[in-house]
**Q** 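Just dropping this structure here.
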Amino acid sequence: MNHAIEVTDASRTLYLSGQTSTNAEGGPLHPGDLVAQFQTAWDNLKAVLHEANMEPTHIVRMNIYTTDVAQFMEKAEDLIPIFASDGVQPVCTLLGISALFDPDLMVEIEATAVA
């Protein structure tokens with residue numbers, strides 16, 4: 001993780017709203033499985049990037065919201081490689097929250113990408 005990223009010569013900025021582990025109808029997937037939820041949220045975020053003709057490596061900032069910080073930290077060795085394997089090295093903030101829009105959801109990822 002980085003503490004700061006300087007962007008120079010960028011012509012496009014994409015602000016991605018929070019992505020969660022949901023199906024096409026908005027229903028929650030993988031209740032109780034933080035790693036699977038993170039993977040699905042990450043896949044959903046990459047799909048939004050793709051629609052904007054951007055790649056994960058364009059991400060410069062991520063906020064990760066979780067309803068279970070302790071479990072997130074316990075699973076960090078499984079979670080971080082999910083985005084790191086795509087070459088992402090963003091500034092990142094982990095935020096503990098009491099709930100997301102569905103009680104079965106445990107994680108939400110929002111990001112900013114520049115190209």
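We number each residue from 1, following the sequence as shown.
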**Q** Step by step, would you call Thr57 with Asp86 a side chain to side chain contact (heavy atoms under 4.5 Å, CB included)?
**A** CA-CA 7 Å; Thr57 54; Asp86 284 320; over 6 Å; no
**Q** Quick one: are His58 and Leu14 in side-chain contact, heavy atoms under 4.5 Å?
**A** no
**Q** Which atom pair, heavy atoms only, marks the closest approach of Asn53 to Arg12?
**A** O-NH1, 3.8 Å
**Q** In terms of hydrophobic clustering (I, L, V, M, F, W, Y; side-chain heavy atoms under 4.5 Å; direct or indirect links), are Trp42 and Met73 co-clustered?
**A** yes
**Q** Of the non-hydrogen atoms in Pro81 and Ala76, which two are nearest, and what is the gap between them?
**A** CD-O, 3.9 Å
**Q** Between Gln37 (side chain) and Pro28 (backbone), is there a donor-acceptor pair under 3.5 Å?
**A** no
**Q** Can you check side chain to side chain contact (heavy atoms under 4.5 Å, CB included) on Thr66 and Gln71, steps first, answer last?
**A** CA-CA 9 Å; Thr66 183; Gln71 184 179 169; over 6 Å; no
**Q** So, taking the atom named CG in Leu49 and the one named CD in Gln19, what distance separates them when rounded to the nearest 0.5 Å?
**A** 9.0 Å
**Q** Is there side-chain contact between Thr22 and Leu105, with at least one heavy-atom pair below 4.5 Å?
**A** yes
**Q** Please determine whether side-chain hydrogen bond (donor to acceptor under 3.5 Å, both in side chains) holds for the pair Asp43 and Gln39, giving the CA-CA distance in whole Å, both sets of side-chain angles, and the decisive distance to 0.1 Å.
**A** CA-CA 6 Å; Asp43 291 343; Gln39 179 68 62; 2.9 Å; yes
**Q** If every non-hydrogen atom of Tyr15 is compared with every non-hydrogen atom of Thr112, which pair is closest and at what distance?
**A** CD2-OG1, 3.7 Å
**Q** After noting the C-alpha distance and the side-chain angles of Ile59 and Phe83, does the key distance pass the side chain to side chain contact (heavy atoms under 4.5 Å, CB included) rule?
**A** CA-CA 10 Å; Ile59 294 173; Phe83 62 86; over 6 Å; no
**Q** Could you state whether Leu29 and Phe72 fall into the same hydrophobic cluster, counting links through intermediate Ile, Leu, Val, Met, Phe, Trp or Tyr residues with side-chain heavy atoms under 4.5 angstrom apart?
**A** no
**Q** Please list, chain by chain and in numerical order, all residues satisfying side chain to side chain donor-acceptor pair (under 3.5 Å) with Glu110, sequence neighbours excluded.
**A** Asn63, Tyr65
**Q** If you define the side chain from C-beta out and look only at heavy atoms, does anything of Leu79 sit under 4.5 Å from Val35?
**A** yes
**Q** Gly18 and Glu108: which non-hydrogen atoms are nearest, and at how many Å?
**A** CA-OE2, 3.2 Å
**Q** Between Thr67 and Ile97, is there a side-chain heavy-atom distance shorter than 4.5 Å?
**A** yes
**Q** Membership question, hydrophobic clusters at under 4.5 Å side-chain separation (ILVMFWY): are Leu95 and Ile80 in the same one?
**A** no
**Q** Sequence neighbours left out, what pairs pass salt bridge (charged side-chain N to carboxylate O under 4.0 Å, His left out) with at least one residue falling in residues 19-32?
**A** none
**Q** Could you give me the CA-CA distance, side-chain angles and deciding distance for Phe38 and Ile64, then say whether side chain to side chain contact (heavy atoms under 4.5 Å, CB included) is met?
**A** CA-CA 9 Å; Phe38 191 92; Ile64 302 169; 4.0 Å; yes
**Q** Leu34 and Val107: which non-hydrogen atoms are nearest, and at how many Å?
**A** CD1-CB, 3.9 Å
**Q** Closest approach of Met106 and Asp33, non-hydrogen atoms and distance?
**A** SD-N, 4.1 Å
**Q** Let me confirm one number: the CG-CD1 distance from Leu94 to Ile109, rounded to the nearest 0.5 Å.
**A** 11.0 Å
